[in-house]
Amino acid sequence: MALASGVRFAERALLRPWALLRGTTLGRTEPAAGGGGDGARRFGSQRVLVEPDAASGVAVMKLRNPPVNALSLELLTELVISLEKLENDKTFRGVILTSDCPRVFCAGLDLTEICGRNPAHCAEYWKAMQELWLRTYLSSLVLVAAINGACPAGGCIIALSCDCRVLADNPKYRIGLNETLLGIIAPFWLKDTYVNTIGHRASEQALQLGSLFPPAEALQVGLVDQVVPEDQVQSTALSEMARWLAVPDHARQLTKNMMRKATADRLLRQRDADTQNFVSFVCRDSIQKSLQAYLEKLRQRKG
Ligand SMILES: CCCCC/C=C\C/C=C\CC/C=C/CC(=O)SCCNC(=O)CCNC(=O)[C@H](O)C(C)(C)COP(=O)(O)OP(=O)(O)OC[C@H]1O[C@@H](n2cnc3c(N)ncnc32)[C@H](O)[C@@H]1OP(=O)(O)O
């Protein structure tokens, strides 16, 4: 079996997500609009819509957790399960990840999951976030992010965990890690993912400043691979997918593993400590106050 043993090892080491599943409707299958045969049937869950195309081996996975695709515990869990389902189905070689919510790809962590919550809940939530990152970062599938909206913080991390990023050319669709502006700190594995993508100096600046890059700057710094008019995001993502799928799977997968394993292993080795750090950090009174104030500001800011 050519698939990297490291990938299998990492996959075995990951949490089983089923225990996290609460109140979801995974596994539902329904005909896609206008679709007929098996290849056109879609499945998914309440917050993740999967449109599989068996003929091409590519599925489009849409986040639909309105209004802003905040990464609630349920959304994280459903994303992990949907990805696992596609990985286990050998029909599929690639996934295009995009948003079903207008103007927002993903608003990052759902701040209501860590504001005013007890430490046990924050720990459960953070483990689910780690799980999604590990799954996407090490996925054997080709993942292309079709970024059709704003993409801050955790949204940016999901995009950076993909193999390729196509961003819609709209100045409102900014991408980056803005944690410092909320008074919080990106954990080391978010930082590592950033550094692996745009290099050390650019990360050092962008992380400290909490920079959110508009499309042209995101392209220039290397956060995204293409910037295209909004109505061409999906078609460009499909073209990119074809380019990546032209490479034999085993060679591409082994190379991906070679490039990413050390970064993922760093978290796998200290997952519990990372969770404890997160919980003790976000449960501090001062951090809770900052998060509360930020959420309040978001709620008051309209338009
Ligand atoms: C020393 C020890 C170190 C230890 C370190 C250990 C661990 C590290 C600790 C912490 C790391 C944490 C990592 C965090 C990563 C993150 O993802 S933090 C989240 C950051 N996200 C943001 O800042 C995005 C905020 N949102 C926006 O900027 C905008 O909403 C938008 C995405 C650009 C969309 O704008 P739009 O105008 O369309 O929508 P609104 O702003 O009107 O929002 C609508 C609605 O949604 C609510 N909302 C928005 N974002 C979030 C969110 N992230 N979570 C929850 N809710 C959100 C907003 O409040 C509105 O609500 P309503 O008024 O009730 O309708």
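For the numbers below, each heavy atom of this structure counts, side chains included, while hydrogens, waters and symmetry mates do not. Since the structure is predicted, the reported quantities are computational estimates derived from the model, not experimental observations. Residues take their numbers from the sequence shown, with the count starting at 1. All ligand and atom numbering here is 1-based and tracks the order in the structure.
No N or O atom of Thr112 sits closer than 3.5 Å to an N or O atom of ligand 1. Here's the thing with Leu109: one of its N/O atoms is less than 3.5 angstrom from an N/O atom of ligand 1. Of the N or O atoms in Gly154, one or more lie within a sub-3.5 Å distance of an N or O in ligand 1. In terms of polar-atom proximity, defined here as any N/O pair under 3.5 Å, Trp126 makes no such contact with ligand 1. Looking at ligand 1, you won't find any N or O of Asn277 less than 3.5 Å from one of its N or O atoms. Any N or O atom pair closer than 3.5 Å counts here, and Ala186 shares no such pair with ligand 1.
Between Arg64 and Leu75, every side-chain heavy-atom pair lies at or beyond the 4.5 Å cut-off.
Residues Asn178 and Ser211 bring no donor and acceptor atom of their side chains to less than 3.5 Å of each other. Checked by atom type, the side-chain pair Ser72/Glu113 shows no donor-acceptor distance below 3.5 Å. No side-chain donor from either of Thr193 and Asn196 sits under 3.5 Å from a side-chain acceptor of the other. Between the side chains of Gln208 and Thr180, no donor N or O sits under 3.5 Å from an acceptor N or O. Using modelled atom types and a 3.5 Å distance limit, the side chains of Gln226 and Glu240 yield a donor-acceptor pair. Asp192 and Thr263 form no side-chain donor-acceptor contact under 3.5 Å, judged by distance and modelled atom types alone. For the 3.5 Å distance criterion, the side chains of Gln130 and Asp274 qualify, holding a donor opposite an acceptor.
For atom 54 (N) of ligand 1, the candidate residues are Leu111, Val104, Leu71; the nearest heavy-atom contact is made by Leu111. Nearest to atom 46 (O) of ligand 1 by heavy atom, out of Leu181, Val68, Ile157, Val282, is Val68. Evaluated by nearest non-hydrogen atom to atom 40 (P) of ligand 1, the leading choice among Lys191, Met129, Arg301, Gln300 is Arg301. Between atom 21 (N) of ligand 1 and the options Ala153, Ala107, Ala273, the minimum heavy-atom separation is to Ala107. Within the set Asn178, Thr275, Leu295, the minimum heavy-atom distance to atom 56 (N) of ligand 1 is found for Leu295.
Using a 4.0 Å cut-off to heavy atoms of Pro152, the atoms of ligand 1 that qualify are 24 (C). Close approach to Ile184 involves these atoms of ligand 1, each under 4.0 Å from a residue heavy atom: 12 (C), 14 (C). With ligand atoms numbered from 1 in the order given, ligand 1 contributes 59 (O), 63 (O) to contacts under 4.0 Å with heavy atoms of Arg299. Under a 4.0 Å criterion applied to the non-hydrogen atoms of Glu179, ligand 1 contributes the atoms 13 (C), 14 (C), 15 (C), 16 (C). Residue Pro67 approaches ligand 1 through these ligand atoms, each under 4.0 Å from one of its heavy atoms: 44 (C), 45 (C), 46 (O). Ligand-side atoms of ligand 1 in range of Gly108: 17 (O), range being under 4.0 angstrom from any heavy atom. Residue Asp110 has at least one heavy-atom neighbour below 4.0 Å for each of these atoms of ligand 1: 54 (N), 55 (C).
Distances shorter than 4.0 angstrom do not occur between any heavy atom of Arg103 and any atom of ligand 1.
Crowding of Gln232 atom CD: a count of heavy atoms from other residues, nucleotides or ligands under 6.0 Å exceeding 12.
Heavy atoms of Phe281 found under 4.0 angstrom from ligand 1 belong exclusively to the side chain.
Although no hydrogens or angles enter the test, the distance criterion places no donor-acceptor pair under 3.5 Å between the side chain of Glu51 and the main chain of Val60.
In summary, Lys127 and Glu131 do not engage in a salt bridge, as defined by a charged side-chain N under 4.0 Å from a carboxylate O.
Of the listed residues (Trp126, Tyr137, Phe278), just one forms a ring pair (Phe, Tyr, Trp, His ring centres under 6.0 Å) with Trp189, and that residue is Trp126.
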